[in-house]
There are 2 protein chains.
Amino acid sequence: MSPRKLTMQDPIEKTLLAAITEGRLTPGSRLSENELAKAFAVSRTKVREALTRLQSRHVVSVQPRRGWFVNIPDAAEAAEVFAARRSVEYGFLATAAPFGSTEVNALAAHMAEERRAIAQEDRAMLTCLMGDFHVRIVEQSGNRPLIEVMRNLTARTILISLRYQSNRNALASHEDHCAIFDAIAAGDMTTAAALSRDHLDDVESGLRIDIGPSSLDTLRHTLRLDQVPTGADREGTLSNDTILHDRDI
Amino acid sequence: MSPRKLTMQDPIEKTLLAAITEGRLTPGSRLSENELAKAFAVSRTKVREALTRLQSRHVVSVQPRRGWFVNIPDAAEAAEVFAARRSVEYGFLATAAPFGSTEVNALAAHMAEERRAIAQEDRAMLTCLMGDFHVRIVEQSGNRPLIEVMRNLTARTILISLRYQSNRNALASHEDHCAIFDAIAAGDMTTAAALSRDHLDDVESGLRIDIGPSSLDTLRHTLRLDQVPTGADREGTLSNDTILHDRDI
DNA sequence: GCGACATAACTTGTATGCAAGGCATGTCGC
DNA sequence: GCGACATGCCTTGCATACAAGTTATGTCGC
């Protein structure tokens, strides 16, 4: 299901994070300690451990005596996450040595995955892959702290995009990714860094931050209708109304 | 005691992190759940929560049924942390807008703190401040995700420096900081970024990675002699043998 | 019918109890 | 004297019990 193995220890944390990055858990979704404990056949202690870790990563939050919820990033948080990604991704590419053939091939494999997901019109897989692209670039360095940072920021980016990106355009983003990949493959890291920075600007400017917190999502949240979707209603296809302006992650 | 307020929720986590950044807890120090629970007058549950969070930040680690320990970063981890800092700090400065007078003044206040600590020959405070400099630069942006990243990386850097930096030179580092500050104050962020990157290179190359894991620290660790220092033995002064080549964080 | 209040059924927060395993000490066999 | 083994104390791992608080429900008064 997941396009890539998550190198994480705790299976609960890993499963929850996978569900979020794959769009099965959306911002505002409620996470019951008891239900998770039953689902994973462990005690609440272990569930709380995993939720606490995710909380420190700003992926979930807890309201005292009320419950755990998948984070609903506000506009300020969205801006900060994008700014952080600009710094990290630009800094990484601008200071990195040109990639070797092994690393370029790994990225090329990812580009093929993106193309396949586009061809299959697999919306969930595509969202996940579009975010993964940036993680995979950093992964080629083998720098674990940096990879971790990128994973966290990407997970939060997915929440942001689920929250604010009403109509996205995966194709435009994919083309940006292709350009970044080409620069990396050509060994031109400076260009890759600049392209990456501009790409993030474009994605961010495509966000509809006017979608206020009193919109459908929060209403569903308030009405407790925000359980895990039954599946079919999130399996959207790449409809024709995705025009060329907005970008998908 | 701490040169700066840590914006952290949990007092246990905050206290432990402060003790580490101020050098009262060194790599290999043992952290007993029971003792911490008694010290903070809470149950082991809360202590384990805090330790788990610090574990996910790579500040402490647990050996099953043996105990919790302040992380002893190995050479590979040290290299990765420095490389990550290079990317993040370079990327931040290279993509940041020039600082306003408010931000420059805040940094100037920090520089004064560094000078005062040097004059007072306060080694512990100085180590803390030298790491804090880089955090404070990013703090001026108000970007919380990035600040968090820098705080984590800086905490790990302090562990690295306690582990590998046998004889440090705070003065050389301070001069580097002065140069970076001057560039920022002049609005030349590009130069500041380059200086910051070079500074990290210099600090890293000053590490004595040949101090193998079978050295004094690990021996003390093995022999369980690695309790919290009694105080006096870590209150070193800036001795004259700190020559101009190595740099303090 | 409708509003206010009591109550019951949830939620998380925290402490505690017990299980499982590591490590040092002491003891027994030789 | 010395080595192997057993024992007991220590550690963390985990589940559970209970406390505290929030929300929904039902009921009573009007």
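All values reported here derive from a predicted model rather than from experimental measurement. Throughout, protein chains are lettered first and strands after them, A, B, ... in sequence-line order, and every chain is numbered starting at 1.
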What is the base-pairing partner of D:dG13, counting Watson-Crick and G-U wobble geometry with both distances under 3.5 Å?
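Base-paired to C:dC18.
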In Watson-Crick or G-U wobble terms, both distances under 3.5 Å, what is the partner of C:dC30?
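Here C:dC30 is engaged in a pair, and the nucleotide opposite it is D:dG1.
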State whether the side chain of A:Q140 and the backbone N or O of A:R136 hold a donor-acceptor pair below 3.5 Å, judged by distance alone.
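Yes: the side chain of A:Q140 pairs with the backbone of A:R136.
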Applying side chain to side chain donor-acceptor pair (under 3.5 Å), name anything that partners A:N152, two or more places apart in sequence or on another chain.
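By the side chain to side chain donor-acceptor pair (under 3.5 Å) rule, A:N152 matches A:R57.
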Considering non-hydrogen atoms only, spot the tightest contact between A:W68 and A:V60 and give its length.
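Of all heavy-atom pairs spanning A:W68 and A:V60, the closest is CE3-CG2, 3.9 Å.
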Could you tell me which non-hydrogen atom of A:S87 sits nearest to which non-hydrogen atom of B:T95, and how far apart they are?
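Answer, listing the atom of A:S87 first, then B:T95: OG-OG1, 3.5 Å.
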Indicate for each nucleotide in nucleotides 8-14 of chain D, in 5' to 3' sequence, whether protein heavy atoms under 4.0 Å reach the base (B), only the sugar-phosphate (S), or nothing (-).
---BBBS
Assess whether a salt bridge exists between A:D201 and A:R86, defined as any Lys/Arg side-chain N lying under 4.0 Å from an Asp/Glu carboxylate O.
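Salt bridge present between A:D201 and A:R86.
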